[in-house]
Student: 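Would you mind keeping the following structure in view while I ask a few things?
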Amino acid sequence: MTLPAVQVSQSPEEKFREFLSSRPRPQRFTGQQRELVQYVFSRHHHFDADQLIDDVKSAGLNISRATVYRTLTKLVDSGLLRRLDLGSRTFFEHDYGYPQHEHLVCEQCGKMIEFQHPAIESALREVAADNQFQFSGHTLLIRGVCLECNRARATKRRLDLI
Ligand SMILES: [Zn+2]
Ligand SMILES: [Zn+2]
């Protein structure tokens, strides 16, 4: 499921260029980085670094492994991507131009279901306010088993009984 995009004034590429040039030591926006930013922002999904390296290769782009890793870190620092730590694996997804949302994560198949719920949002803001804590964002990960995996489990259980 993909949530509707949020209107933004700059393209991801422009925002990243600005980030690189405004660092204490301005950095060059290389051709490989530009291709990677364009590729990452051409679709919304949750991916890890190894998946991205494979996808980039299948898309026929010539971007080194080291560049992918380095650029991912910078994309997180610049607010373009959000990092999701799922125990042993780290996923990335769009942050810039994409609404705040939460995730249901299936522990069997790895599927992530995105959702928004106004009551959760206001409860978190309330907790932050109670602690005089300046709220900048949140990422809730709810672990469990998805419908399909649950069904598969139930079927297997039934077959085991026969
Ligand atoms: Zn599942
Ligand atoms: Zn997400």
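As the structure lists them, so they are numbered: ligands from 1, and atoms in each ligand from 1. In this chain, numbering begins with 1 at the start of the sequence shown.
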Student: About how large, to 10 degrees, is the angle SG of C109, then the Zn ion (ligand 1), then SG of C149?
Tutor: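 Vertex at the Zn ion (ligand 1): approximately 110°.
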Student: With distance as the sole test, does Q116 use its side chain to make a donor-acceptor pair with the main-chain N or O of Q100 at under 3.5 Å?
Tutor: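 Yes; at least one donor-acceptor contact below 3.5 Å.
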Student: Examine H94 together with F41 and report whether their ring centres are nearer than 6.0 Å.
Tutor: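 Ring centroids of H94 and F41 are less than 6.0 Å from each other.
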Student: Compute the centroid of each ring, for F16 and then for F29, and state whether the two points are separated by less than 6.0 Å.
Tutor: yes
Student: Nearest N/O/S atom of H103 with respect to the Zn ion (ligand 2), by atom name, please.
Tutor: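 Going through the N, O and S atoms of H103 one by one, NE2 ends up nearest to the Zn ion (ligand 2).
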Student: Do Y98 and H44 have their ring centres less than 6.0 Å from each other?
Tutor: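 Yes, the ring of Y98 comes within the 6.0 Å limit of the ring of H44, centre to centre.
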Student: From the Zn ion (ligand 2) out to just under 2.8 Å, does an N/O/S atom of H44 turn up?
Tutor: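 No - counting backbone and side chain alike, H44 has no N, O or S atom under 2.8 Å.
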Student: Angle subtended at the Zn ion (ligand 2) by NE2 of H101 and OE1 of E93, to 10 degrees?
Tutor: 90°
Student: Can you see which heavy atom on S78 is nearest to which on K15, and at what distance?
Tutor: O-CE, 3.7 Å
Student: Suppose we only allow N, O or S atoms; which atom of E114 ends up nearest to the Zn ion (ligand 2)?
Tutor: OE2
Student: At the Zn ion (ligand 1), what's the angle from C106 SG to C146 SG, rounded to 10 degrees?
Tutor: 110°
